[in-house]
Amino acid sequence: QVQLVESGGGLVQAGGSLSLSCAASGRTFSNYVMAWFRQAPGKERDIVAAITWIGDSIYYADSVKGRFTISRDNSKNTLYLQMNSLKPEDTAVYYCGESRYHSIYNSRASMAYDTWGQGTQVTVSS
């Protein structure tokens, strides 16, 4: 089974940028959708962005469109999330996950994911 490890979180001022990475070990990436989710205290784990195996289909939550960019390098077994123009409401623990599905359509809810990383904290100060 694959293990996912996120890195790159931290504290940043509003308007700043952060870059998250999610490295897989144990086996190479499968050809499933990979995604970033986030969870703020007391709230559900919500999708941020998702990407198919070859990157031909990408989904962004409305709240991050135009500010965040998801990408993946399958040769390095790594998923990325570039976050620009950060806002205080982006503060959350960010998780990467591997979907059970090949389709973005089926991969927009957390229940589609069996494998998660441990999460990385992103805090945006106003």
Side-chain angles (χ1 to χ4, degrees):
Q1 183 167 344
V2 69
Q3 288 82 43
L4 302 175
V5 178
E6 302 95 338
S7 61
L11 173 64
V12 65
Q13 288 188 330
S17 298
L18 281 175
S19 181
L20 304 184
S21 297
C22 171
S25 63
R27 63 163 168 79
T28 58
F29 273 167
S30 296
N31 58 348
Y32 293 116
V33 168
M34 296 288 297
W36 290 96
F37 281 71
R38 66 187 181 187
Q39 188 167 20
K43 296 189 176 181
E44 295 184 351
R45 188 173 297 189
D46 293 327
I47 192 167
V48 173
I51 185 169
T52 52
W53 168 249
I54 60 172
D56 59 330
S57 182
I58 291 176
Y59 171 85
Y60 292 104
D62 287 344
S63 58
V64 306
K65 280 181 182 177
R67 301 188 297 121
F68 290 11
T69 302
I70 188 172
S71 61
R72 64 192 291 172
D73 186 335
N74 295 326
S75 68
K76 296 182 179 178
N77 289 318
T78 303
L79 178 72
Y80 304 98
L81 185 69
Q82 178 64 39
M83 304 185 294
N84 299 326
S85 302
L86 283 160
K87 304 175 181 181
E89 51 263 44
D90 294 319
T91 295
V93 178
Y94 283 69
Y95 298 89
C96 64
E98 181 184 68
S99 173
R100 295 193 296 273
Y101 303 105
H102 303 287
S103 163
I104 287 281
Y105 179 80
N106 294 327
S107 301
R108 288 182 280 183
S110 60
M111 65 181 66
Y113 295 76
D114 290 328
T115 303
W116 297 96
Q118 83 289 350
T120 185
Q121 176 70 46
V122 171
T123 302
V124 184
S125 63
S126 58

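Computed from heavy atoms alone, side chains included, the values below leave out hydrogens, waters and symmetry copies.
- A continuous path of hydrophobic side-chain contacts links Trp36 to Val124 [ILVMFWY only; heavy atoms under 4.5 Å].
- Residues Leu86 and Gln13 have side chains not in contact (no heavy-atom distance under 4.5 Å, counting atoms from C-beta outward).
- Contact annotation: the side chain of Trp116 approaches that of Ser110 to within less than 4.5 Å [non-hydrogen atoms, C-beta and beyond].
- Side-chain contact check for Tyr60 versus Arg67: every heavy-atom pair is 4.5 Å or farther apart.
- Within the 4.5 Å cutoff, side-chain heavy atoms of Arg38 are placed close to those of Val64.
- Side-chain atoms of Tyr113 and Tyr95, non-hydrogen and from C-beta on, never get closer than 4.5 Å to each other.
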Practice problem: For Thr91 and Gln121, run side chain to side chain contact (heavy atoms under 4.5 Å, CB included): C-alpha distance rounded to whole Å, both residues' side-chain angles, the deciding distance at 0.1 Å, then the answer. | Solution: CA-CA 8 Å; Thr91 295; Gln121 176 70 46; 4.0 Å; yes
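- Following chains of ILVMFWY side-chain contacts shorter than 4.5 Å, one can reach Leu18 starting from Ile70, so the two form part of one hydrophobic cluster.
- One finds the OG atom of Ser63 at 8.5 Å from the CD atom of Glu89 (value rounded to the nearest 0.5 Å).
- Looking only at distances, a side-chain donor or acceptor of Thr120 sits under 3.5 Å from a matching main-chain atom of Gly9.
- With contacts defined as side-chain heavy-atom distances shorter than 4.5 Å, the pair Asp90/Met83 does not qualify.
- Glu98 has its side chain out of reach of Asp114: every pair of non-hydrogen atoms, C-beta onward, lies at least 4.5 Å apart.
- Side-chain contact between Leu20 and Val122 is present, with heavy atoms from C-beta onward closer than 4.5 Å.
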